[in-house]
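Numbering starts at 1 and runs along the sequence shown. Whatever order the structure lists them in is the order used to number ligands and atoms, beginning at 1. Quick note: numbers below take in every heavy atom, side chains included, and nothing from hydrogens, waters or symmetry partners.
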Amino acid sequence: MIRSLDYGESDRIVTFFTEEFGKVKGIAKGAKRSRRRFVNALEPFSRSELLFSRRSSEGLALIEQCDVTDHFAGIRSELETTLAASYLVDLLDRFSVEGKRNPDLFRYATDFLREIDQGGISEPMIRIFEMRLLKFAGYEPRLDRCKICGRPLEEMGYAVFVPAEGWLRCRGECASRSPDKGSDGIAASIGTVMTLLAGMQLPVEKARRLVLTGRQAEEGRALLTGFIRHLLGSEPPSYRVLEEVKNRF
Ligand SMILES: [Zn+2]
């Protein structure tokens with residue numbers, strides 16, 4: 001379940017990310033009254049078995065029944081983990097298309113939620129999720145070489161990531177070349193980029209092993225959230241809430 005909205009007196013509009021049908025948006029009629037059919041099932045980031053039928057006249061699937069298979073109580077037990085999971089699920093919503101299957105992304109996202117349910121979440125794990133999600137959604141940032149001169153990452157010295165291109169450029173001459181002149185480029189050291197790429201290769205159960213230095217964390221955050229902001233046209237509000245709460249502690 002990725003989103004749920006009250007609708008009228010007793011209904012709810014719910015968005016699910018499913019293994020077989022991709023993103024499904026539907027209406028759960030009488031959800032607020034029928035505890036039997038929808039017991040706790042319409043809460044964000046719970047995993048459920050879903051029974052739904054053809055689309056209603058409003059273009060929504062009719063959710064007949066929903067049974068929770070995993071409630072992820074661990075995620076809900078701590079504010080920062082809850083907010084981080086809300087951000088990840090928000091990204092899942094924004095980068096998936098209704099009716100388009102993406103079983104690899106489904107598996108990855110559910111494994112990831114299970115992992116943070118059991119052991120909490122770290123900032124480097126958020127970066128790993130962002131990168132994997134972008135890859136599954138077809139927007140993988142190109143970080144292995146310079147778009148302009150083709151120099152491999154290891155030889156670049158210092159790099160600039162250009163969100164409008166989704167590519168790295170060498171800082172200096174390549175960055176100032178048109179098109180775009182890399183003017184909105186995000187600076188990143190090679191060490192940061194290599195660490196992010198290594199983190200991306202980690203299987204879910206080892207994701208928490210990724211450690212970033214203060215500077216790597218800052219550059220990685222700027223690079224990925226800058227790219228995501230460019231792709232979505234704005235910063236997801238769930239990200240802003242997560243950052244605000246983090247800064248208060
Ligand atoms: Zn270059």
Fill in: Phe16 ring center within less than 6.0 Å of Phe21 ring center
no
Discussion item. Does anything in residues 204-238 form a ring pair (Phe, Tyr, Trp, His ring centres under 6.0 Å)? List the pairs, not counting sequence neighbours.
Written reply: Phe161-Phe227
Taking distance alone, no hydrogens or angles, what donor-acceptor pairs closer than 3.5 Å link side-chain atoms of residues 207-222 to residues at least two apart or in another chain?
residue, atom, partner, partner atom, Å
Arg208, NE, Glu115, OE2, 3.2
Arg208, NH1, Gly119, O, 3.0
Arg208, NH1, Gly120, O, 3.2
Arg208, NH2, Glu115, O, 3.3
Arg208, NH2, Glu115, OE2, 3.4
Arg208, NH2, Gly120, O, 3.0
Thr213, OG1, Gln216, N, 3.2
Arg215, NE, Glu219, OE2, 3.3
Arg215, NH2, Tyr158, OH, 3.0
Gln216, OE1, Thr213, N, 3.1
Gln216, NE2, Thr195, OG1, 3.4
Glu219, OE1, Ser189, N, 3.0
Glu219, OE1, Ser189, OG, 3.2
Glu219, OE1, Thr192, OG1, 2.5
Glu219, OE2, Tyr158, OH, 2.7
Arg221, NE, Glu123, OE2, 2.7
Arg221, NH2, Glu123, OE2, 3.4

Worksheet item: So do Leu197 and Leu153 actually touch side chain to side chain, heavy atoms under 4.5 Å?
Response: yes
Show me the side-chain donor-acceptor pairs of residues 89-103 shorter than 3.5 Å, one per line, residues at least two apart or across chains.
residue, atom, partner, partner atom, Å
Asp90, OD1, Arg94, NE, 3.0
Asp90, OD2, Ser238, OG, 2.5
Asp93, OD1, Lys23, NZ, 2.9
Asp93, OD2, Arg3, NE, 2.8
Asp93, OD2, Arg3, NH2, 3.0
Ser96, OG, Leu92, O, 2.6
Ser96, OG, Asp93, O, 3.4
Glu98, OE1, Arg55, NH2, 3.3
Arg101, NE, Glu20, O, 3.4
Asn102, OD1, Leu105, N, 3.4
Asn102, ND2, Phe136, O, 3.2

Worksheet entry | Least distance between heavy atoms, Ala85 atom then Leu113 atom | CB-CD2, 4.3 Å
Worksheet entry | Contacts of the Zn ion (ligand 1) with protein N/O/S atoms, counting only those under 2.8 Å | Cys146 SG, Cys149 SG, Cys170 SG, Cys174 SG
